[in-house]
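What follows is a single structure, written as structure tokens, with notes after it.
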Amino acid sequence: MYRTHLAGALSAADVDQQVTLAGWVARRRDHGGVEFVDLRDASGVVQVVFRDSEAAKVAHELRNEFCISVTGTVNRRPAESVNDKLATGEIEINATELKVLSESAPLPFQIDDHVEVSEDVRLRHRYLDLRRSGPAAAMRLRSRANQIFRNLLSEDDYVEIETPTLTRSTPEGARDFLVPVRLQPGSWYALPQSPQLFKQLLMVGGFEKYFQIARCYRDEDFRADRQPEFTQLDIEASFVTQEDVIELSERLIGAAWKELAGYEMASPLPKLTYHESMDRFGSDRPDLRFGQELVELTEYLSGTEFRVFSGAIEAGGYVGAVVMPGGASQTRKELDGWQDWAKARGAKGLAYIVFNAETGEPKGPVAKNLSEEHLAGLADAVGAKAGDAVFFAASPDRRDAQELLGAARLEIGKRCGLIDPEAWAFCWVVDFPMFERTDDGGWTSPHHPFTSPNPEWIDKFEADPANALTYAYDMVCNGNELGGGSIRIHDSKVQSRVFDFLGISKEEAQEKFGFLLDGLKYGAPPHGGIAFGMDRICTLLSGADSIREVIAFPKTGGGFDPLTSAPTPITPEQREEAGIDFVPESEEHELDE
RNA sequence: GGUCCCGUAGAGCAGCUAGGAGUGCUCGCCACCCUGUCAAGGUGGAGGUCGCGGGUUCAAAUCCCGUCGGGACCGCCA
């Protein structure tokens, strides 16, 4: 037996007990005659005292992060030595025996919560980083989140079912990771971007309620909140409406926030339609922690001679504005900085007007171009006060202009300190458009082509595709999408109409998703579901800046794993055996030419 | 694919604008001292390809070009 007690669990109640502990040397304070060692195990830290014993001589040789076991007596500390900062600060272990279970080489960085270490170094020695309280807490939080969801879903008769990770491409639209197949050279598996099609087939399979904490893979570029492999809490149920899925989701997320953030989420959450969200916040994942809503000026500015605006208006587009409180006090350099900011985002610029702090008089490059009438009512129209700045965006494409203003709104929120970092603001965004334009003028599905149109549009989405709406819904928190889902098409006839409209031929559809279409033929129940981004949820709950903080062994920006150095080149033998150089005969001829 | 920031001892940084000997700070590491510390303290010591390559210069951590690595963002991606 390595130990009788856990270090962090000891208290004054254990005084006079003989205990054996095992753990790591978190820190030692050697006073010559007496030596203190902070012993850390997974449960916490306790102070061990060595004095006048054989063990004390061994203790002198201890170094940080040696793995040791200690036997001794639990003593109440002298009143003047009690440490309030330590959970076990009332007591200490008077050691009689010390065993070194494993020595530690000098550390690449200090395992100490107040020492900052670059992420690069931390990840290279992640096993040491995980000994620190912050990273360890993040992993434990994630474990509890998984448990909360699992328990609630299991209690509700949801069946946890695993789906393949070696499969064929699923239609999320991202690039697939591919795996060569030794037994069939030239054929490749794809790693799933999500279990989307499988969970629908599980509904056809009659389970009615399915969930899985599923690893998903997408071969796209990284961000602070993106990794090539990530985890979804994937849920699907039969005979459910959008409201059913929303109710379940709020119970799950509400429970997680209550237990892990101590926050009581007010259910039911507010719902915004996609269009409302775009109009008010310029985003389909609005941050509701602050105001500064967008104001549409298309109508107000009609008839303007300022070409930037009139061009957009005449093209049937949009002109809008967002107010920056106190923005008039910005220097010329700061205002120019906004132009660069907008250009970095692919916009031509960001027109602005500032209202003089004393007189309220509108000034700035745009002001000269607007009529007296337009200028006179502008402050009221946009809700600006003297001393504010107003940024404008105009575009023939309503969404482009709104997204620019939405991004400006977020930037204003940050720069002006309008965002309460302690606040949680949840909402749903619903009624997503069924289709959106592709670059080449066709139509595509913003989610995936299995999303059901809502009843209003199910019979006529082809007639007015730009306005057709779906049963798709996203749950949003503080401007982050926590999860999204939809009611699916369960009628193979409707599914065929969608494919027809998208210009996907019967052959193509059959080839890509034939197995799903076949499944839908056999009495498929109405069904729908949702998938939550576990990495993102845990990042928010732990207050981290990056999802790497809630992943045990994350990758860096280039898809590189600093710990294992993956990916690595393969040997010629592996290359040969995997059959990755297989060239189909027809292509061989082309290559010859 | 694009833009911006960073790279100096084991860790975290300063030095770079305005070129002049690897100059410095905090922590760690090693040795010794130290009987109530808890981010212990004291004395001494070791430790450097200034990411890499090229250029300018009498002289480059510092200026220029390229490149590699990391981070943030745009594109991309739910």
Considering only the [atom1] atoms, how many Å lie between [N] and [M], rounded to the nearest integer?
N     : M     : atom1 : answer
B:C33 : B:G20 : C1'   : 42 Å
B:G22 : B:A59 : C1'   : 15 Å
B:G51 : B:U17 : P     : 15 Å
B:C16 : B:C27 : C1'   : 24 Å

By nearest atom, which of the nucleotides [options] is closest to the [X] side chain?
X      : options             : answer
A:R63  : B:C77, B:C30, B:U37 : B:C30
A:Q110 : B:C76, B:C27, B:A78 : B:C27
A:D52  : B:U35, B:G70, B:A39 : B:U35
A:T556 : B:G70, B:C76, B:A78 : B:G70
A:F560 : B:C77, B:A72, B:G70 : B:G70
A:D221 : B:C76, B:G28, B:C34 : B:C76
A:Q193 : B:G70, B:A78, B:C76 : B:A78
A:R345 : B:C73, B:U35, B:A39 : B:C73
A:R29  : B:U37, B:A72, B:G28 : B:U37
A:D474 : B:G10, B:U37, B:A78 : B:A78

With sugar-phosphate meaning primed atoms plus P, OP1 and OP2, does [X] contact a base, only sugar-phosphate, or nothing at under 4.0 Å between heavy atoms?
X      : value
A:F432 : base
A:R548 : sugar-phosphate
A:N83  : base
A:G533 : nothing
A:K343 : nothing
A:D30  : base
A:G557 : sugar-phosphate
A:E116 : sugar-phosphate
A:E65  : nothing
A:S194 : nothing

Both distances below 3.5 Å, Watson-Crick or wobble geometry, any strand: find the nucleotide opposite [N].
N     : value
B:C50 : none
B:A18 : none
B:A59 : none
B:G45 : B:C29

Length of the line joining [X]:[atom1] and [N]:[atom2], which is rounded to integer Å:
X      : N     : atom1 : atom2 : value
A:I537 : B:A78 : CD1   : C1'   : 14 Å
A:I111 : B:A39 : CD1   : P     : 17 Å
A:F222 : B:G75 : CZ    : P     : 18 Å
A:F36  : B:U35 : CZ    : C1'   : 8 Å
A:Q227 : B:G71 : CD    : C1'   : 13 Å
A:D112 : B:C29 : CG    : C1'   : 15 Å
A:D219 : B:C77 : CG    : C1'   : 11 Å
A:R175 : B:C77 : CZ    : P     : 8 Å

If you look only at distance, which donor and acceptor atoms sit under 3.5 Å apart when one is on a side chain in residues 214-225 of chain A and the other is two or more places apart or in another chain?
from, atom 1, to, atom 2, distance (Å)
A:R215, NE, A:T231, OG1, 3.2
A:R215, NH1, A:E229, OE1, 2.8
A:R218, NE, A:Q193, O, 3.2
A:R218, NH2, A:Q193, O, 2.9
A:E220, OE2, A:R175, N, 2.9
A:D225, OD2, A:R536, NH2, 3.4

Quick test of your reading of the model: are [X] and [Y] salt-bridged, counting only N-O distances below 4.0 Å?
X      : Y      : result
A:D129 : A:R124 : no
A:R77  : A:E90  : no
A:K57  : A:E35  : no

A:F513/A:F499 aromatic ring centres below 6.0 Å: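 Yes - the distance between ring centres of A:F513 and A:F499 falls below the 6.0 Å cut-off.
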Ring center gap for A:F435 and A:F501 short of 6.0 angstrom: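 Under 6.0 Å, so yes.
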Under 4.0 angstrom between A:N64 side-chain N/O and B:C29 OP1 or OP2: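 Answer is yes, contact under 4.0 Å.
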Short side-chain N/O contact to B:G12 OP1/OP2 from A:S118, under 4.0 Å: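 The answer is yes; a side-chain N or O of A:S118 sits under 4.0 Å from OP1 or OP2.
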No-hydrogen, no-angle side-chain donor-acceptor test under 3.5 Å, A:E411 and A:W338: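 Their side chains do not contain a donor-acceptor pair, so the 3.5 Å distance test is not met.
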Spatial distance of atom CZ (A:R142) from atom CD1 (A:I551) [nearest 0.5 Å]: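 Result: 6.0 Å between the selected atoms.
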